[in-house]
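What follows is a set of notes on a single structure, which appears directly below.
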Amino acid sequence: MKRYHLIDAFIDSQLRSVMMPHESYDWAFGGAGNAQVTFKGELTDGQVANAGYRFFEGLFSLRDEFEKAILKGITATIVVVDGKPVVEVRKGRNFSNSEKDIALRFAQDLQKDVQERCKRLEDQIEQIRTAGLDSVSYSSDRELREVAVAISREFEANPV
């Protein structure tokens, strides 16, 4: 296994925990020390379903339409355009007007969710860097991943 930086392990842990694509992400600190985070990838069917169920929780008629869209083959991909994540949603076959509407709403909600996640990750890795946690050496990749998960849990327990 390749050796990761703590911030790599942290971002990977965070994206996995919320069922977002985690295979391709990028992060950097700008000249002023501000973090920038992007991630991209195609969402699996399970990730699409999970995101839609979160967005339409308690909205049963919308959830029903979303389930129909899933069965007809809605897909979602996050791409990076000009350094910003952009959501592309493709509709499957024979979508009704209501299913097209729910696909558009899903795309908008997913876009907002991705942007919020990137912003949250940026804030969190700035805190990790400020605390000096990213300069600590770890004895193994396993220890590094365990520390990243512990930091993730700490952020969840104490949201800023």
Side-chain angles (χ1 to χ4, degrees), residues 1-57 59 62 66 69-70 74-91 101-160:
M1 175 175 210
K2 91 175 195 184
R3 287 197 85 54
Y4 291 105
H5 188 275
L6 176 63
I7 292 175
D8 289 311
F10 174 76
I11 291 171
D12 183 76
S13 171
Q14 288 290 84
L15 293 175
R16 283 177 188 268
S17 74
V18 294
M19 292 187 71
M20 284 289 169
H22 54 87
E23 295 82 14
S24 184
Y25 57 84
D26 194 22
W27 61 272
F29 288 100
N34 297 336
Q36 295 176 314
V37 175
T38 59
F39 63 95
K40 63 183 177 179
E42 185 170 341
L43 277 73
T44 65
D45 291 342
Q47 290 169 326
V48 168
N50 181 55
Y53 293 148
R54 276 188 298 112
F55 302 149
F56 306 127
E57 184 176 354
L59 306 170
L62 295 179
F66 185 69
I70 290 172
I74 190 171
T75 63
T77 304
I78 302 165
V79 297
V80 177
V81 177
D82 295 329
K84 305 260 187 240
V86 175
V87 171
E88 296 178 349
V89 171
R90 290 184 182 81
K91 298 177 286 297
D101 291 342
I102 202 70
L104 177 62
R105 183 165 175 181
F106 173 75
Q108 292 167 340
D109 288 350
L110 183 59
Q111 180 69 47
K112 181 180 176 187
D113 186 59
V114 167
Q115 289 170 339
E116 289 172 355
R117 288 193 189 288
C118 286
K119 177 67 175 131
R120 188 174 314 121
L121 285 167
E122 290 165 358
D123 293 344
Q124 291 170 335
I125 68 171
E126 285 175 10
Q127 291 178 49
I128 290 169
R129 186 178 201 197
T130 299
L133 298 173
D134 64 325
S135 61
V136 175
S137 294
Y138 298 95
S139 61
S140 67
D141 287 343
R142 180 179 177 183
E143 180 186 14
L144 179 67
R145 287 190 308 272
E146 288 171 355
V147 169
V149 169
I151 292 170
S152 294
R153 287 187 186 130
E154 188 64 29
F155 278 122
E156 288 171 20
N158 299 300
V160 178

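Counting from 1, the numbers follow the sequence of the chain as shown. The analysis underlying the following values was restricted to heavy atoms, covering all of them including side chains, and did not include hydrogens, waters or symmetry mates. Just so it is clear, the structure is predicted and the values come from calculations on it, not from any experiment.
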Can you measure from [atom1] ([X]) to [atom2] ([Y]) and round to the nearest 0.5 angstrom?
X      : Y      : atom1 : atom2 : answer
Ile7   : Glu126 : CD1   : CD    : 10.0 Å
Gln124 : Glu154 : CD    : CD    : 11.5 Å
Leu59  : Glu57  : CG    : CD    : 9.0 Å
Ser17  : Glu156 : OG    : CD    : 5.5 Å
Lys119 : Gln115 : NZ    : CD    : 12.5 Å

Looking only at heavy atoms, what is the nearest atom pair of [X] and [Y], with distance?
X     : Y      : value
Met20 : Ile78  : SD-CD1, 4.3 Å
His5  : Asp134 : CE1-CB, 3.5 Å
Val48 : Phe66  : O-CZ, 3.6 Å
Gly83 : Thr38  : O-CG2, 3.2 Å
Phe10 : Ala148 : N-CB, 3.6 Å
Phe29 : Ile125 : CZ-O, 3.7 Å

Walk me through it: do Val136 and Leu6 pass the test side chain to side chain contact (heavy atoms under 4.5 Å, CB included)?
-> CA-CA 9 Å; Val136 175; Leu6 176 63; over 6 Å; no
Say whether Gln127 and Asp123, considering side chains only, have a donor N or O and an acceptor N or O under 3.5 Å apart.
->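 No, no side-chain donor-acceptor contact under 3.5 Å.
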For Gln47 and Glu42, does a side-chain donor sit closer than 3.5 Å to a side-chain acceptor?
->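 Result is no, nothing qualifies.
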Under a 4.5 Å cut-off applied to non-hydrogen side-chain atoms, are [X] and [Y] in contact?
X      : Y      : value
Gln36  : Trp27  : no
Leu133 : Ile151 : yes
Phe39  : Cys118 : yes

Working for side chain to side chain contact (heavy atoms under 4.5 Å, CB included), residues Leu121 and Leu15 | CA-CA 9 Å; Leu121 285 167; Leu15 293 175; 4.1 Å; yes
More than 12 heavy atoms of other groups within 6.0 Å of Glu116 CD |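 More than 12 within 6.0 Å, yes.
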Residues, nucleotides or ligands: over 12 heavy atoms within 6.0 Å of Arg54 CZ =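 Above 12, so yes.
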Within the side chain of Glu143, is there an N or O that forms a donor-acceptor pair under 3.5 Å with the backbone of Ser139?
->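 The answer is yes, because a donor-acceptor pair under 3.5 Å joins these two groups.
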Ignoring hydrogens and angles, tell me if any N or O in the side chain of Ser13 forms a donor-acceptor pair with the backbone of Ala9 under 3.5 Å.
->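 Checked: no pair found.
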Applying side chain to side chain contact (heavy atoms under 4.5 Å, CB included), run through Val89 and Thr75 and close with a yes or a no.
-> CA-CA 6 Å; Val89 171; Thr75 63; over 6 Å; no
Name the atoms and distances for all side-chain donor-acceptor pairs under 3.5 Å in residues 101-112, with sequence neighbours left out.
unit_1, atom_1, unit_2, atom_2, d
Gln111, OE1, Val87, N, 2.7
Gln111, NE2, Pro85, O, 2.9

Do the charged groups of Asp12 and Arg145 touch, with an N to O distance under 4.0 Å?
->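 No salt bridge links Asp12 with Arg145.
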Determine, step by step, whether Thr130 and Ile128 satisfy the side chain to side chain contact (heavy atoms under 4.5 Å, CB included) criterion, reporting the C-alpha distance in whole Å, the side-chain angles of both residues, the deciding distance to 0.1 Å, and the verdict.
-> CA-CA 6 Å; Thr130 299; Ile128 290 169; over 6 Å; no
Any pair counted as salt bridge (Lys or Arg N to Asp or Glu O under 4.0 Å), so long as it reaches residues 75-88, sequence neighbours left out |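 Counting only pairs at least two positions apart or across chains, the salt bridge (Lys or Arg N to Asp or Glu O under 4.0 Å) contacts touching residues 75-88 are Glu88-Arg90.
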